[in-house]
Amino acid sequence: MQKTEKRHLVWFRNDLRTIDNAVLHEACKDGNEVLGVYCFDPKHFEVNPFGFKKTAKFRAQFLIETLQDLKEQLHRLNIDLLVYHDLPEVVIPKICESHQVTDIFLQNEWTQEEVDTENLVKSKIEDVTWHPIYNQFLFHPDDINFNIDKTPQVFTVFRKKLEKYVEVREELKIQKQTENLRIDNDTIIPTLDDLGFEDFQRHPHSAFPFKGGETEAIKRLNGYFFNTKKLGFYKKTRNGLVGVDYSSKFSSWLANGSISTGTIYWNVKQFEKEYYKNQSTYWLIFELIWRDYFKYVSLKHGNQIFKLEGILKKVYEWSSNKIQIEKWINGETQSDFVNANMIELKETGWMSNRGRQNVASYFAKELELDWRIGASYFESLLLDYDVHSNYGNWMYVAGVGNDPRDRKFNVQLQTERYDANGKFRNLWLQPSLF
């Protein structure tokens, strides 16, 4: 068989899937030779300026599992995945040279660290065509009915502009390659030990006991939607605190791109067609729109989302009292509800949405601590860390983001409302036997 002239490299980052992956679709569609690469960038496992490991053990393990699955799924498409524990700016130029790469396909990112890394790689490669592709939205930037720099300040306005007027793109099917490149691929997915962590067992009380990867994400979707039909009760249970099924739990797979918002959206529509449509089916889509919103806020405001004064450029008196920060992290504050949530996070890498709002509000509004420290701790620990949602939500709660009312949570009232019987607090405030 005559070889094609082009050789495509897919640089995987936070788009670790084979279903509905626009980057992979574009790379594969013309029958060119395709190769994949993923770099466990050592910078992602270093200690950040606030003193936390940028990626701690929970997300590291989830990422390893995701890459193991991605490699298998790509193999079924006759695509090899090269995996390195090294800097992209070291690895990718070498691949381009040794495999005569003509085109690089990658998810279009815009936050500073990703852009800086991308530019470093570009500076070391010549004669390669770059194809950055938006791959992480429900409503694609090319389809929206306003300019990104006019993204509304209030979520409700954003939602109303889009949900009835802009179509969600159909899921993309990836074309199987006619033959494998037959390269020598002796690369190995790193272990936790390689990344600087000790092995650990998942906590038996974790509300997120799932593994990483596209296979697990699709399994969860089918279970939550079609087998148990829990989707039909989502709006009633989404503020829960204990157990696996009070919410969809898609966020961790969405965060590293092992499932797309489009796949979830079209499966909600399939559920509505096969069974029924109600407030709960709508509400799950509503949450996907929130996720999009913070991406557009980030696109519009750039690095301002990482700054103390936030996108509102509001000046508060923030503290960085180390004793108070440590007490918050270790669940030793004056609020047992905050404490239970913080211990859950520390032990499992997971916290409910209700918990996150309360502990963040307590940190920023009650203790008046520098909200970026809280955001940085979340970045380190959370399985479902997503740069736009994390910093967008922290700004929102701290009063320097998109909350038009600058609300402060009454943690005691929230405790009485959402953990009236103390079940959640009892679960996490007991001495651990684990």
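Heavy-atom basis, side chains included; hydrogens, waters and symmetry copies ignored. Position 1 is the first residue of the sequence; numbering continues from there.
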Q: Specify whether F40 and F45 have parallel, tilted or perpendicular ring planes, treating 30° as the upper limit for parallel and 60° as the lower limit for perpendicular.
A: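 The arrangement is parallel - the two ring planes meet at less than 30°.
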Q: What is the distance from atom CD1 of I92 to atom CG of L9, rounded to the nearest 0.5 Å?
A: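 Rounded to the nearest 0.5 Å, the CD1-CG separation comes out at 6.5 Å.
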Q: So, F155 versus F286, ring centres under 6.0 angstrom or not?
A: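 Judged by ring-centre distance (under 6.0 Å), F155 and F286 do meet the cut-off.
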Q: Would you check if the distance from the ring center of F50 to the ring center of Y377 is below 6.0 Å?
A: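 Between F50 and Y377, the centre distance exceeds or equals 6.0 Å.
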Q: Is the F139 to F137 ring centre distance short of 6.0 Å?
A: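 So the answer is no for these two rings.
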Q: Rounded at 0.5 Å granularity, tell me how far CZ in R13 sits from SG in C39.
A: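 Answer for the CZ-SG pair, R13 versus C39, is 10.5 Å.
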Q: Do F58 and F200 have their ring centres less than 6.0 Å from each other?
A: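 Yes, ring centres under 6.0 Å apart.
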Q: Can you spot which of R76, H75, Q68 makes a side-chain hydrogen bond (donor to acceptor under 3.5 Å, both in side chains) with E72?
A: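 Between E72 and the candidates, side-chain hydrogen bond (donor to acceptor under 3.5 Å, both in side chains) is satisfied uniquely by R76.
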Q: Do you know which two heavy atoms are closest between E287 and Y234, and how far apart they sit?
A: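 Shortest heavy-atom contact: CG-OH, 3.2 Å.
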Q: Are a donor atom and an acceptor atom from the side chains of S260 and D20 found within less than 3.5 Å of each other?
A: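 Note: S260 and D20 side chains meet the donor-acceptor criterion.
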Q: Among H140, R17, E109, E26, which residue satisfies the side-chain hydrogen bond (donor to acceptor under 3.5 Å, both in side chains) criterion with N135?
A: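 Checked H140, R17, E109, E26 against N135; only one passes side-chain hydrogen bond (donor to acceptor under 3.5 Å, both in side chains): R17.
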Q: Please report whether the ring centroid of F158 lies less than 6.0 Å from that of Y296.
A: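 Yes.
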Q: Starting at CD1 of I174, measure out to CD of Q177 and round the result to the nearest 0.5 Å.
A: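 Spacing of CD1 (I174) from CD (Q177) equals 9.5 Å.
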Q: Could you measure the distance from the CZ atom of R356 to the OG atom of S389? Nearest 0.5 Å is fine.
A: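 Here the interatomic distance stands at 9.5 Å.
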Q: Using the six-membered ring wherever Trp is involved, compare the ring planes of H203 and W428 and label them parallel, tilted or perpendicular (cut-offs 30° and 60°).
A: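 Taking W428 first and then H203, their aromatic rings sit tilted (interplane angle of 30° to 60°).
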Q: Kindly write out the residues that satisfy side-chain hydrogen bond (donor to acceptor under 3.5 Å, both in side chains) with Q357, not counting sequence neighbours, or none if the list is empty.
A: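 Q357: no side-chain hydrogen bond (donor to acceptor under 3.5 Å, both in side chains) contacts found.
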Q: Take atom NZ of K322 as the centre, draw a 6.0 Å sphere, and report whether it contains more than 12 heavy atoms from other residues, nucleotides or ligands.
A: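 Atom NZ in K322 is not crowded, with 12 or fewer foreign heavy atoms closer than 6.0 Å.
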Q: Which atom names give the shortest non-hydrogen contact between L87 and P42, and what distance separates them?
A: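 Where L87 meets P42 most closely, the heavy atoms are N-CD, 3.8 Å.
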Q: Check this for me: E97, atom CD, are more than 12 non-hydrogen atoms of other residues, nucleotides or ligands nearer than 6.0 Å?
A: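 No - once you tally the heavy atoms of other residues, nucleotides and ligands closer than 6.0 Å, there are 12 at most.
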Q: Residues in side chain to side chain contact (heavy atoms under 4.5 Å, CB included) with T102, at least two apart?
A: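 Testing T102 for side chain to side chain contact (heavy atoms under 4.5 Å, CB included), a comparison that skips the adjacent residues, returns K6, H8.
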Q: Do K249 and Y246 form a cation-pi contact, if we require the NZ or CZ to be under 6.0 Å from the six-membered ring centre and within 45 degrees of the ring's axis?
A: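 Output yes; distance and angle both within limits.
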Q: Under 3.5 Å, is there a donor on one side chain and an acceptor on the other for E214 and T18?
A: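 Per modelled atom types, E214 and T18 side chains form a pair under 3.5 Å.
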Q: Tell me if the centroids of the rings in W266 and F225 come within less than 6.0 Å of each other.
A: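 Between F225 and W266, which both carry aromatic rings, the centre distance is not below 6.0 Å.
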Q: Is the F250 ring parallel, tilted or perpendicular to the W253 ring (thresholds 30°, 60°)?
A: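 Rings of F250 and W253: tilted, as their planes differ by 30° to 60°.
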Q: Going by the angle between their ring planes, with limits at 30° and 60°, are W394 and F363 parallel, tilted or perpendicular?
A: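 Geometry flag for F363 against W394: perpendicular rings.
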Q: Among L74, N256, L106, find the residue that satisfies the side-chain contact (heavy atoms from CB on, under 4.5 Å) test when tested with F12.
A: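 The residue from L74, N256, L106 that satisfies side-chain contact (heavy atoms from CB on, under 4.5 Å) with F12 turns out to be L74.
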Q: Mind checking salt bridge (Lys or Arg N to Asp or Glu O under 4.0 Å) for D69 and listing every partner two or more places apart, or none if nothing turns up?
A: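 D69 satisfies salt bridge (Lys or Arg N to Asp or Glu O under 4.0 Å) with no residue once adjacent residues are dropped.
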Q: Quick one: is the NZ or CZ of R202 closer than 6.0 Å to the six-membered ring centre of W350, and within 45° of its axis?
A: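 Cation-pi check for R202 and W350: fails.
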Q: Would you give the length of the straight line joining atom OG1 of T415 to atom CZ of F409, rounded to the nearest 0.5 angstrom?
A: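 Here the interatomic distance stands at 11.5 Å.
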Q: Indicate whether any N or O donor in one side chain lies under 3.5 Å from an N or O acceptor in the other, for N48 and S376.
A: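 Distance-only check passes for N48 and S376.
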Q: Are the side chain of R291 and the backbone N or O of L254 linked by a donor-acceptor pair below 3.5 Å?
A: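 Yes, the answer is positive, given that a donor and an acceptor are paired below the 3.5 Å cut-off.
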Q: Between S298 and F294, is there a donor-acceptor pair closer than 3.5 Å when you use the side chain of the first and the backbone of the second?
A: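 Between the backbone of F294 and the side chain of S298 there is no qualifying donor-acceptor contact (under 3.5 Å).
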Q: Holding to side-chain hydrogen bond (donor to acceptor under 3.5 Å, both in side chains), I want the full list of residues that pass it with N402, two or more places apart in sequence or in another chain.
A: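 Partners of N402 by the side-chain hydrogen bond (donor to acceptor under 3.5 Å, both in side chains) criterion, ordered by chain and then number, come out as Y293.
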Q: Partners of D292 by side-chain hydrogen bond (donor to acceptor under 3.5 Å, both in side chains), sequence neighbours excluded?
A: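 Not a single residue meets the side-chain hydrogen bond (donor to acceptor under 3.5 Å, both in side chains) criterion with D292.
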Q: Among K346, R425, M351, which residue meets the side-chain contact (heavy atoms from CB on, under 4.5 Å) test with N341?
A: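 Answer to the side-chain contact (heavy atoms from CB on, under 4.5 Å) test with N341 among K346, R425, M351: M351.
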Q: Could you give me the CA-CA distance, side-chain angles and deciding distance for E379 and N390, then say whether side chain to side chain donor-acceptor pair (under 3.5 Å) is met?
A: CA-CA 7 Å; E379 175 176 352; N390 186 57; 5.1 Å; no
Q: Taking only residues two or more places apart in sequence, or in another chain, which ones meet D103 in a side-chain hydrogen bond (donor to acceptor under 3.5 Å, both in side chains)?
A: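 Expected list: H131.
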Q: Mind checking the CD-OG spacing from E118 to S123? Nearest 0.5 Å is all I need.
A: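 The CD atom of E118 sits 11.5 Å away from the OG atom of S123.
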Q: Grab the two heavy atoms, one from K314 and one from D406, that are nearest each other, plus how far apart they are.
A: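 Of all heavy-atom pairs spanning K314 and D406, the closest is NZ-OD2, 3.7 Å.
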